[in-house]
Student: 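Sharing a structure here in C-alpha cells format.
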Amino acid sequence: MLVTVKILRYNPEKDAQPSYQTFQVEAEETDRVLDLLEKIKGEQDGSLSFRRSCGHGICGSDAMRINGMNRLACKTLVRDVGDQITVEPLLGLPKIKDLIVDMKPFFDHYRRVMPYFISDLPVPEDGRERLQSPEERLRFDDTTKCILCACCTTSCPSFWANDQYYGPAAIVNAHRFIFDSRDTATAERLQILAEEMGVWRCRTAFNCTEACPREIQITKAIAEVKQAILSGKV
Amino acid sequence: MTQVHQYEVVVVGAGGAGLMAALYASRKAKTAVISKLYPTRSHTGTAQGGIGAALGNLEEDHPEWHTFDTVKGSDYLGDQDAIEFMCNEAPGIVYELEHMGLPFDRTPDGRIMQRPFGGHTNNITGKPVRRACHAADRTGHMILQTLYQQCIKNNVVFFDEFQAVDLIMVNGQAAGVVAVELATGELHVFHAKAVIFATGGHGRIWEVTSNAYSFTGDGPAMVLRHGLPLEDMEFFQFHPTGIYKLGILITEGVRGEGGVLINGKGERFMERYAPRVKDLASRDVVSRAIYLEIREGRGVNGKNYVYLDVRPETVNKYAELDGRTNPDGTPYRVTGEQILKKLPDIIDFCRTYLGVDPVTQPMPIQPTAHYAMGGIPTTMYGEVISDAKNTIVPGLYAAGECACVSVHGANRLGTNSLLDLVVFGKQAGLRAAEFAKGASFQPLPADPTDYARAQLERFRTADGSENAFHIAQEMRHEMFENMGVFRTEEGMTHALNKIRELKERMRHVRVSDTGKIFNLELMNAWELSNLLDLAEVTTISALARKESRGAHAREDYPKRDDQNWLKHTMVWMDEKGETRLDYKPVVITKYQPKERTY
C-alpha cells in the first residue's frame with residue numbers, strides 16, 4: 001500500500017521555522033513507522049534526522065508524536081495508524097533538528113530525584129543477596145519498566161505549562177526506589193517530590209498513562225507518591 | 001576548532017561493560033565515558049532471560065558445573081582459564097549487582113530467582129539446571145538501568161551522543177580517541193592514558209537480526225584499521241528464536257519456562273536432535289535443527305519458520321512427558337496467568353508485532369543473527385593483545401561483546417553475555433585505572449584528527465553514484481544467505497566477492513546532508529563502512545576454517561577437526577585492505593575435548 005507520511009521538518013542551519021514536508025512511501029500493514037522513516041531517509045531524503053536504536057520498544061530512542069499521540073516509532077505499526085501519518089517531534093523539549101529534541105532538560109529532572117539505590121544498612125554478613133519477599137518486590141515492579149523515552153513527560157499539560165516541573169518520568173523513577181523495601185532514602189526522596197516542582201504539579205490528566213509505551217500505570221504511581229507524602233508512610 | 005579533553009581513562013560505550021568499567025575505573029582514576037547513544041539506549045537493555053551464576057538458590061549447582069557447561073557450549077574453543085575465572089566470579093558479581101539495588105525476581109524465601117536455560121546442566125544427571133538469575137524477561141534492562149543509576153550516584157562523567165570514530169595510537173600505545181559531537185558535528189580529541197572499548201556487537205551485517213541499528217562494530221573496526229587483529233570472527237551466533245522476518249528476540253527463557261519448538265507436522269522435533277535436554281540444547285544446535293526441519297519441508301505452512309509454543313496446555317503436556325518437577329518435587333505445571341507474569345515483554349512483542357497472543361497461539365520463529373563470539377582479542381583482564389603470542393598493547397582495553405577473551409569460543413551459552421559484560425567490564429576498569437596510575441600521557445601527534453577527518457570527508461566529496469541504503473540491504477541479504485547458520489565454500493566465496501564489490505561501490509557514496517548538526521546520514525555511512533570491513537574479515541576467517549565447530553557449520557566439512565583446528569583465528573587488515581591470518585592455541589586446563597551431545 002502507498003502511505004503518506006507528513007513530517008515536521010526543521011534544519012537549524014537553514015530554516016527559520018519548522019515546516020511540514022510530505023513523502024509517499026510503499027509499505028506493508030505490518031511495517032513499523034520506524035521502517036517508513038528509514039526508507040524515506042535511505043531513498044528519498046538522507047537529511048531526515050531521528051534517533052533510533054533497538055527497533056523494538058526497549059531502548060526508548062525513537063519517541064515522537066505520531067498522529068498527535070506520543071509513541072515509539074518502532075512500536076507503532078502502519079495498521080495501528082492508517083495510511084495517512086503525521087510525524088512530529090515531542091512537545092515541550094527544545095527542537096534540535098527534525099524529530100530530534102534536546103533530552104538534557106528531561107535527564108536533568110530525572111537526576112533530581114536521586115534515581116539510584118541507597119541503603120545505609122550493611123550487606124548480609126555472608127556476602128549474599130539482601131532478602132526481599134516476592135510481595136515486597138511486586139510493590140514497585142511496574143515502575144522498574146521505565147525506559148526513559150520521555151513519552152509521558154512530554155504529553156503532560158502541567159509540564160507544557162511549566163518545564164521546571166520534574167514530570168511523570170522522574171516521579172516514576174523515584175517511585176521505583178521509594179517503594180523498594182531495601183532502600184533507605186525514602187524520606188529524602190519524598191521531600192524532593194514535595195517541593196514546588198514535585199508531585200503537586202500533577203493534575204491527574206492521565207495523558208502520561210495513555211502515552212506510556214511500557215504500559216506503566218503512571219498516574220497511579222504518582223498518586224501513591226502523593227499519598228506517601230501526606231501520610232509519611234509507604 | 002577541535003576541542004581537546006584530558007582524562008586518565010576514557011571508556012567508549014555505555015552499555016553493561018562500559019558502565020561497569022567506568023564504575024571501577026572512576027574510583028581510582030579521572031575517567032570519562034563517551035557514547036554515541038544516551039547510556040540507557042544501549043543494547044544491553046534488550047537482554048531478556050537472565051544472567052548465569054551458580055547461586056544454587058533453587059537446587060544444587062556449582063561454579064565448576066557452570067565452567068564445564070560453558071567449555072562444552074563453546075565446542076571446546078573457549079579458553080578454559082578465562083571461563084573458569086568468569087564462572088567463579090559469577091556468584092559474587094550477581095550479589096554485587098543485587099547490592100547495587102538490581103531488582104531480581106525473588107524465590108518464596110526472598111532469594112534471587114533462577115530459571116533453566118539452554119546448555120546449563122546438572123553435571124551429574126545431565127538435566128537442565130536453574131542457573132539464570134532473572135528479573136522477569138527484562139534482566140538486561142535492569143542491569144543497564146542499575147549500572148547507569150550507580151554511575152550517576154558516583155558522579156561518573158558522561159559525554160552523551162559523542163561518537164568515537166578513531167583510536168589514537170602513539171608509539172604502539174593507546175593515547176586516546178577522536179569523537180564526533182553529534183549535536184555540533186565538531187571533532188573532539190580525548191587524550192587518555194588508557195582507553196577501554198566497550199562498543200558492543202556488529203549483528204547489523206545480517207538481514208534477519210535481533211541487533212540494534214547502532215550495533216555496527218565501531219570498536220573492532222577502529223582497532224582493525226590500526227593494524228591490530230580481531231579474533232574468531234567466523235563465530236557469530238544465530239539465536240534460534242527470532243520473530244519470523246523481523247528477527248526480534250524471543251528469549252530462551254520461554255523454553256526455560258517449558259515452551260517447546262514444534263514443526264509444521266506438529267512434532268516436537270528437538271527430541272531427535274538433543275534427546276536429553278531437547279529444547280534446551282545450546283543455541284547452535286537448536287538453530288541448525290530448525291534450519292534442517294525447514295529444509296526438509298517441515299516448516300509451518302511450507303514457509304521458513306517453525307512454532308515456539310508456550311501455551312499452558314502444550315507446556316503441561318510436555319512437562320508431564322518429560323517428568324519435569326518443581327524444586328519441591330511436585331509436578332511442573334503452569335497457567336496462562338503465570339506465563340503472562342514471567343514473560344510480560346515477550347507477550348507484548350508478540351501482540352504488537354505479530355498480533356499473536358502467545359498464551360493462546362504459538363509464535364512463528366526463525367533463527368536470527370544475535371551475538372559476536374569473536375572480536376578484539378584480550379586477556380582475562382581486558383588487556384588487548386596484538387598477536388598470537390599474547391603481546392599486550394599498552395593502555396588499550398576491551399570488554400563486552402566487542403571483545404574476545406575468549407570465554408564463548410565457537411558458541412555462547414545464553415546468560416553468559418550479561419555475565420561477561422559485568423565480569424570483564426569490571427576487570428578492564430580495574431586494570432585500566434591501575435595502568436593509568438603508573439603511566440604518563442603520551443604526546444599527541446600534530447593533528448590527531450587527520451585520519452578521522454579524511455574518513456568522513458570522503459563521504460562528502462565522492463561522486464554520489466551509489467546509495468548507502470541499498471549497499472547495506474545487499475550486504476545484509478548476501479550475508480544472511482551465504483554466511484548464516486550453514487555455510488559452504490561456494491556460498492562463502494560468493495559472499496566474499498559480493499562484500500568486496502560493495503566495498504568498492506561504497507567509495508562512490510556521498511551523503512546528501514551537508515550540515516553539521518546531527519548529521520546522522522554521515523555517521524551511518526561511516527558505520528556501514530565498519531560493517532563492510534567486519535563482514536569481509538568474518539568471511540575470510542570462515543573460509544579458511546575447514547571444519548564445523550559451534551556456530552561455524554560447514555556442509556562441506558561437517559565434522560569438528562581438533563587435530564587441525566583446535567585454535568583461535570587471528571585476522572589482520574592492512575591499509576591497502578589486504579588481509580592476513582594467523583592462529584593461536586586454545587587454553588585447555590581441565591577439560592579435554594570430547595564429542596558434544598545434548
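Keep in mind it's a predicted model, so treat the numbers as computed, not measured. Per chain, numbering begins at 1; letters A, B, ... match sequence-line order.
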Student: Picking from Pro12(A), Cys149(A), Cys146(A), which has the most non-hydrogen pairs under 4.5 angstrom with chain B?
Tutor: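 So the answer, after comparing Pro12(A), Cys149(A), Cys146(A), is Cys146(A).
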Student: Salt bridge check, Lys75(A) against Asp348(B): does any charged N sit closer than 4.0 Å to a carboxylate O?
Tutor: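 A salt bridge links Asp348(B) with Lys75(A).
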Student: In terms of heavy-atom proximity below 4.5 Å to chain A, should Leu249(B) be classed as side chain, backbone, both, or neither?
Tutor: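 Neither the backbone nor the side chain of Leu249(B) comes within 4.5 Å of chain A.
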Student: Just give me the residue among Ala212(B), Gly355(B), Cys151(B) that pairs up with chain A most often, heavy atom to heavy atom, under 4.5 Å.
Tutor: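 Ranked by heavy-atom pairs under 4.5 Å with chain A, first place is Ala212(B).
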Student: Which answer fits Ser214(B), side chain, backbone, both or neither, if we ask what part of it has an atom under 4.5 Å from a heavy atom of chain A?
Tutor: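 Ser214(B) touches chain A through backbone and side-chain heavy atoms alike.
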Student: Below 4.5 Å, heavy-atom pairs only: which of Glu96(B), Met113(B), Glu98(B) has the largest tally toward chain A?
Tutor: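 The answer is Glu98(B).
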Student: To the nearest 0.5 Å, what is the distance between CZ (Phe104(B)) and CZ (Arg130(A))?
Tutor: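 That separation rounds to 13.0 Å.
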Student: In terms of the angle between their ring planes, are His56(A) and Phe349(B) parallel, tilted or perpendicular, with boundaries placed at 30° and 60°?
Tutor: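 Rings of His56(A) and Phe349(B): perpendicular, over 60°.
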Student: Please look at Phe50(A) and chain B and tell me whether the side chain, the backbone, both or neither of the residue comes under 4.5 angstrom of a heavy atom of that chain.
Tutor: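 For Phe50(A), the contact with chain B is made by the backbone alone.
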Student: Examine whether an atom of Met142(B) lies under 4.5 Å from a heavy atom of chain A, and if so say whether it belongs to the side chain, the backbone or both; otherwise answer neither.
Tutor: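 Met142(B) touches chain A through side-chain heavy atoms alone.
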Student: Let me know if Ile100(A) has heavy atoms under 4.5 Å from chain B in its side chain, its backbone, both or neither.
Tutor: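 Side chain only.
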Student: Under a 4.5 Å cutoff for heavy-atom pairs, which residue among Phe469(B), Phe518(B), Tyr213(B) has the most contacts with chain A?
Tutor: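 The candidate making the most pairs under 4.5 Å is Tyr213(B).
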Student: Is chain A contacted by the side chain of Tyr353(B), its backbone, both, or neither, given a heavy-atom distance below 4.5 Å?
Tutor: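 Contact with chain A involves both backbone and side-chain atoms of Tyr353(B).
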Student: Please look at Thr107(B) and chain A and tell me whether the side chain, the backbone, both or neither of the residue comes under 4.5 angstrom of a heavy atom of that chain.
Tutor: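 For Thr107(B), the contact with chain A is made by the backbone alone.
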Student: Would you give the length of the straight line joining atom OG of Ser61(A) to atom OH of Tyr38(B), rounded to the nearest 0.5 angstrom?
Tutor: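 The OG atom of Ser61(A) sits 10.5 Å away from the OH atom of Tyr38(B).
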Student: Determine whether a donor-acceptor pair (N or O, by modelled atom type, separation under 3.5 Å) exists between the side chain of Arg106(B) and the backbone of Leu131(A).
Tutor: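 No; judged by distance alone, with no hydrogens or angles, the pair does not exist.
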Student: Is chain A contacted by the side chain of Leu37(B), its backbone, both, or neither, given a heavy-atom distance below 4.5 Å?
Tutor: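 Only the side chain of Leu37(B) comes within 4.5 Å of chain A.
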Student: Can you say whether Pro108(B) sits under 4.5 Å from chain A via the side chain, the backbone, both, or neither, judging by heavy atoms?
Tutor: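 Contact with chain A is through the backbone of Pro108(B) alone.
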Student: Can you tell me which of Glu215(A), Gln132(A), Met103(A), Met114(A) forms the most heavy-atom pairs within a distance under 4.5 Å of chain B?
Tutor: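 Highest number of heavy-atom pairs under 4.5 Å: Gln132(A).
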Student: Are side-chain heavy atoms of Pro91(B) and Arg128(A) found at a separation under 4.5 Å?
Tutor: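 Side chain of Pro91(B) against side chain of Arg128(A), heavy atoms only: no contact under 4.5 Å found.
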Student: Checking His141(B) against chain A: side chain, backbone, both or neither under 4.5 Å from a heavy atom?
Tutor: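 Contact with chain A is through the side chain of His141(B) alone.
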Student: Is Ile152(B) close to Tyr110(A) at the side-chain level, that is, under 4.5 Å between some pair of heavy atoms?
Tutor: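 SC-SC contact between Tyr110(A) and Ile152(B) confirmed.
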Student: Can a donor-acceptor pair be found, under 3.5 Å and without considering hydrogens, that links the side chain of Asn467(B) to the backbone of Gly42(A)?
Tutor: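 At least one qualifying donor-acceptor pair exists.
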Student: Sort by residue number and list every residue of residues 17-37 of chain A having at least one heavy atom under 4.5 Å from chain B.
Tutor: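 Against chain B, the residues of residues 17-37 of chain A that fall inside the cut-off (heavy atoms, under 4.5 Å) are Arg32(A), Leu34(A), Asp35(A).
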Student: Working note: Tyr116(A) + Met100(B), criterion side chain to side chain contact (heavy atoms under 4.5 Å, CB included); need CA distance, chi angles, decisive distance, verdict.
Tutor: CA-CA 8 Å; Tyr116(A) 37 79; Met100(B) 290 178 187; over 6 Å; no
Student: What's the shortest heavy-atom distance between Gly101(B) and Asp180(A), and which atoms?
Tutor: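 It is O-OD2, 4.3 Å.
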Student: If you take all heavy atoms of Gln145(B) and Ile147(A), which pair is closest and at what distance?
Tutor: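 Scanning both residues, the minimum pair turns out to be NE2-CA, 4.4 Å.
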Student: Keeping the roles fixed (side chain from His43(B), backbone from Ser53(A)), state whether a donor-acceptor pair exists under 3.5 Å.
Tutor: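 Pair absent, no side-chain N/O of His43(B) close to backbone of Ser53(A).
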Student: Given heavy-atom pairs under 4.5 angstrom as the criterion, report whether the side chain, backbone, both or neither of Asn57(B) touches chain A.
Tutor: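 Looking at Asn57(B), just its side chain touches chain A.
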Student: What residues of residues 183-191 of chain A make heavy-atom contacts with chain B at a cutoff under 4.5 angstrom?
Tutor: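 Residues of residues 183-191 of chain A touching chain B at under 4.5 Å: none.
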Student: Quick one: of Gly45(B), Gly515(B), Ala525(B), who has the most non-hydrogen atom pairs under 4.5 Å with chain A?
Tutor: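 Top option by heavy-atom pairs under 4.5 Å: Gly515(B).
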Student: Checking Glu13(A) side chain against Lys516(B) main chain: does a donor-acceptor pair fall under 3.5 Å?
Tutor: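 Yes; judged by distance alone, with no hydrogens or angles, the pair exists.
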Student: First locate atom CZ of Arg182(A), then atom NE2 of His99(B), and finally report the distance between them rounded to the nearest 0.5 Å.
Tutor: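 It comes to 9.5 Å.
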Student: Is there a side chain to side chain contact (heavy atoms under 4.5 Å, CB included) between Gln150(B) and Phe117(A)? Walk through the geometry before answering.
Tutor: CA-CA 8 Å; Gln150(B) 289 297 308; Phe117(A) 182 73; 4.1 Å; yes
Student: Atom CG in Asp141(A), atom CG in Asp105(B): separation rounded to 0.5 Å?
Tutor: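 If I round to the nearest 0.5 Å, the distance is 7.0 Å.
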Student: For Glu161(B), is it the side chain, the backbone, both, or neither that has a heavy atom closer than 4.5 Å to a heavy atom of chain A?
Tutor: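 When you check distances to chain A, only side chain atoms of Glu161(B) fall under 4.5 Å.
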Student: Could you tell me if the side chain of Arg214(A) sits less than 4.5 Å from the side chain of Pro344(B), heavy atoms only?
Tutor: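 Pro344(B) vs Arg214(A): side chains apart.
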Student: Answer with side chain, backbone, both or neither: which region of Arg138(B) has an atom nearer than 4.5 Å to a non-hydrogen atom of chain A?
Tutor: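 The side chain, not the backbone.
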Student: Can you say whether Leu354(B) sits under 4.5 Å from chain A via the side chain, the backbone, both, or neither, judging by heavy atoms?
Tutor: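 Interface part for Leu354(B): backbone (N, CA, C, O).
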Student: Look at atom NZ of Lys245(B) and say whether more than 12 heavy atoms of other residues, nucleotides or ligands are closer to it than 6.0 Å.
Tutor: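 It does not: Lys245(B) NZ has 12 such atoms or fewer within range.
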Student: With Asp513(B) as reference, evaluate Lys97(A), Lys41(A), Lys14(A) under the salt bridge (Lys or Arg N to Asp or Glu O under 4.0 Å) test and give the passing residue.
Tutor: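 Answer after filtering Lys97(A), Lys41(A), Lys14(A): Lys97(A).
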Student: Do you know which of Gly60(A), Ser133(A), Pro124(A), Gly57(A) has the most heavy-atom pairs with chain B at a distance under 4.5 angstrom?
Tutor: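 The candidate making the most pairs under 4.5 Å is Gly60(A).
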Student: Any donor-acceptor pair under 3.5 Å linking the side chain of Glu129(A) with the backbone of Ile112(B)?
Tutor: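 Side chain of Glu129(A) to backbone of Ile112(B), a donor-acceptor pair under 3.5 Å: yes, one is there.
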Student: Counting heavy-atom pairs under 4.5 Å with chain B, which one of Lys145(A), Glu135(A), Glu136(A) comes out on top?
Tutor: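 Ranked by contacts with chain B, first place is Lys145(A).
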Student: With side chains defined as the heavy atoms from C-beta onward, is the minimum distance between Asp345(B) and Ile58(A) less than 4.5 Å?
Tutor: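 Asp345(B) vs Ile58(A): side chains touch.
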Student: Considering only heavy atoms from C-beta outward, does the side chain of Phe107(A) approach that of Thr40(B) to under 4.5 Å?
Tutor: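 SC-SC contact between Phe107(A) and Thr40(B) confirmed.
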